[in-house]
Amino acid sequence: EKGGFEHFMLKEIHEQPKAYRDTMRGRIDATGKRVILPELKLTHEQILNIRNIQIVACGTAYHAGLVGRNVIEQLVRIPVETDVASEYRYRSPIVTPETLVIVVSQSGETADTLAALREAKANGAHVLAITNVVGSSIARDADDVIATLAGPEIAVASTKAYTSQLIAFYLFGLYLAEVRGTQTPEAVTEIIQAMQELPEQLEGMLENSDSIKAYAEQIAHHEHLFFIGRGVDFAVAQEGSLKLKEISYIHSEAYPAGELKHGTLALIEEGIPVIALVTQESVYEKTVSNIKEVNARGADIMAITYEDHVSTLLKSVDQVFAIPKTLPLLTPALSVVPLQLLAYYASLARGNDVDKPRNLAKSVTVE
Ligand code: M6R
């Protein structure tokens with residue numbers, strides 16, 4: 001049942017290239033130039049009328065929603081907010097019939113997300129669910145569903161569900177951009193082509209991940225560490241931090257790289273591990289100066305970046321894990337994978353129950 005892997009989590013990490021292909025299949029037209037989402041009931045007229053988008057989810061699905069916000073705002077220029085479901089409901093969010101609410105849930109049964117969906121519907125919003133379980137309560141109650149086709153996810157720590165949620169956001173963002181005419185056809189084609197390369201790029205990364213295992217064993221005896229990044233790198237940092245906490249029980253915090261000096265830098269001392277995501281060219285120099293700030297305080301830094309930055313970055317960091325080149329918006333679909341493996345191997349090194357971490361359940365059906 002684990003397909004030759006020691007744990008479901010490792011199996012599911014390795015299933016991600018397939019999940020990418022399955023989630024994209026049939027949703028890109030034969031010319032490779034357009035996204036088609038025949039399952040949507042949302043009309044072009046409704047899409048043209050959208051004034052704001054609210055993305056609501058919990059945990060890892062919330063982190064996918066943070067990337068989704070960047071994707072939609074950049075491609076479509078519609079204001080997007082991403083909220084944790086248990087907060088969303090109680091802040092009386094401003095929802096109108098021109099609001100599109102997107103709920104994201106692997107299981108489709110998360111109580112807070114389901115309650116947020118019902119609340120949004122009661123306020124007149126159109127609700128789109130991105131879910132991995134088509135027969136779930138969330139899929140049933142939503143006005144529209146984009147199914148992620150990741151296959152059953154058994155490990156409590158979510159991996160392939162998260163990355164296929166990212167693919168769903170890329171597809172939906174491109175679809176909105178086409179309908180609203182906010183991107184040139186060339187820009188859309190370029191993104192689609194880069195998306196189609198992701199599965200193979202990921203396969204290559206999974207074959208060359210031994211250095212992550214060694215690094216995980218090195219950090220496994222630490223009690224605190226930090227993840228830093230900017231833009232979508234910060235969103236991925238938050239997911240990396242959650243993954244590590246939930247299965248290795250190592251305390252970590254994800255910080256926007258530029259925010260460290262507003263307080264958290266005080267915690268950086270000799271030997272503390274800092275994992276820096278450095279994939280966004282537009283803020284590359286700024287992130288490097290933040291790396292230098294922690295380097296100067298003796299942190300032990302591991303950077304996740306592109307091959308062409310490795311030699312320069314090695315002047316300020318101790319180790320580097322290179323990811324294949326892709327478009328800036330698409331990097332989360334690759335850069336999160338070393339963090340999933342890091343959490344996995346750190347958990348293993350600590351002798352924890354990887355697939356069933358203490359205190360947690362796969363599906364959270366209480367509010
Ligand atoms: O089934 P859902 O996607 O709605 O679940 C939401 C969270 O409970 C879930 O992502 C949780 O954070 C995972 N255990 C993280 O790995």
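Because the structure is a prediction, the values reported are computed rather than measured. We count residues from 1, following the sequence as given. Both ligands and their constituent atoms are indexed starting at 1 by order of listing.
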Quiz item: Under 3.5 Å, N or O to N or O, is Thr60 touching ligand 1 that way?
Solution: yes

Quiz item: How far is atom 8 (O) of ligand 1 from its nearest protein heavy atom, and which residue and atom name does that atom have?
Solution: Val364 CG2, 4.0 Å

Quiz item: Any idea which protein heavy atom is nearest atom 13 (C) of ligand 1, and the distance to it?
Solution: Val156 O, 3.7 Å

Quiz item: Glu246 heavy atoms, cut-off 4.0 Å: which ligand 1 atoms fall inside?
Solution: 13 (C), 14 (N), 15 (C), 16 (O)

Self-check item: Pair Thr163, Gln16: side-chain N/O donor-acceptor within cut-off below 3.5 Å
Solution: yes

Quiz item: Between Lys261 and Glu293, is the closest basic N to carboxylate O distance under 4.0 Å?
Solution: yes

Practice problem: Can you sort out which atoms of ligand 1 are near Ala61, meaning under 4.0 Å from one of its heavy atoms? | Solution: 3 (O), 10 (O)

Exercise. Would you tell me whether Thr279 and Asp233 have side-chain atoms, one donor and one acceptor, within less than 3.5 Å of each other?
Key: yes

Self-check item: Nearest candidate to atom 2 (P) of ligand 1, where distance is taken over non-hydrogen atoms, out of Thr110, Thr365, Val133
Solution: Thr110

Exercise. Could you tell me the residue and atom name of the protein heavy atom closest to atom 6 (C) of ligand 1, and the distance to it rounded to 0.1 Å?
Key: Cys58 O, 3.4 Å

Quiz prompt | Element-labelled atoms of ligand 1 that are located less than 4.0 Å from some non-hydrogen atom of Ala157 | solution = 16 (O)

Quiz item: What atoms of ligand 1 come closer than 4.0 angstrom to any heavy atom of Gly59?
Solution: 12 (O)

Quiz item: Numbering the atoms of ligand 1 from 1, which are under 4.0 Å from a heavy atom of Ser107?
Solution: 1 (O), 2 (P), 4 (O)

Quiz item: Near Lys243, which atoms of ligand 1 are under 4.0 Å from a heavy atom of that residue?
Solution: 15 (C), 16 (O)

Quiz item: Side-chain donor-acceptor pair under 3.5 Å between Ser158 and Lys243, yes or no?
Solution: no

Quiz prompt | Rounded distance (nearest 0.5 Å) linking atom CD of Gln238 with atom NE2 of His63 | solution = 5.0 Å

Exercise. Determine, for Glu203 against Arg21, whether the closest basic-nitrogen to carboxylate-oxygen distance falls under 4.0 angstrom.
Key: yes

Quiz item: Does ligand 1 have any atom that is closer than 4.0 Å to a heavy atom of Thr113?
Solution: no

Quiz item: Linking Ile, Leu, Val, Met, Phe, Trp and Tyr through side-chain heavy atoms less than 4.5 Å apart, which residues share a cluster with Tyr255?
Solution: Phe226, Ile228, Leu260, Leu265, Leu267, Ile268, Ile272, Val274, Val278, Tyr284, Val288, Ile291, Val294, Ile301, Val310, Leu313, Leu314, Val317, Val320

Self-check item: Contacting atoms of ligand 1, where contact means under 4.0 angstrom from a heavy atom of Gln106
Solution: 1 (O), 2 (P), 3 (O), 4 (O)

Quiz item: Taking the six-membered ring of Tyr249 as reference, does the NZ or CZ atom of Arg358 fall below 6.0 Å from its centre and within a 45° cone about the axis?
Solution: yes

Quiz item: Members other than Leu66 in its cluster, when Ile, Leu, Val, Met, Phe, Trp, Tyr link by side-chain heavy atoms under 4.5 Å?
Solution: Tyr62, Val84

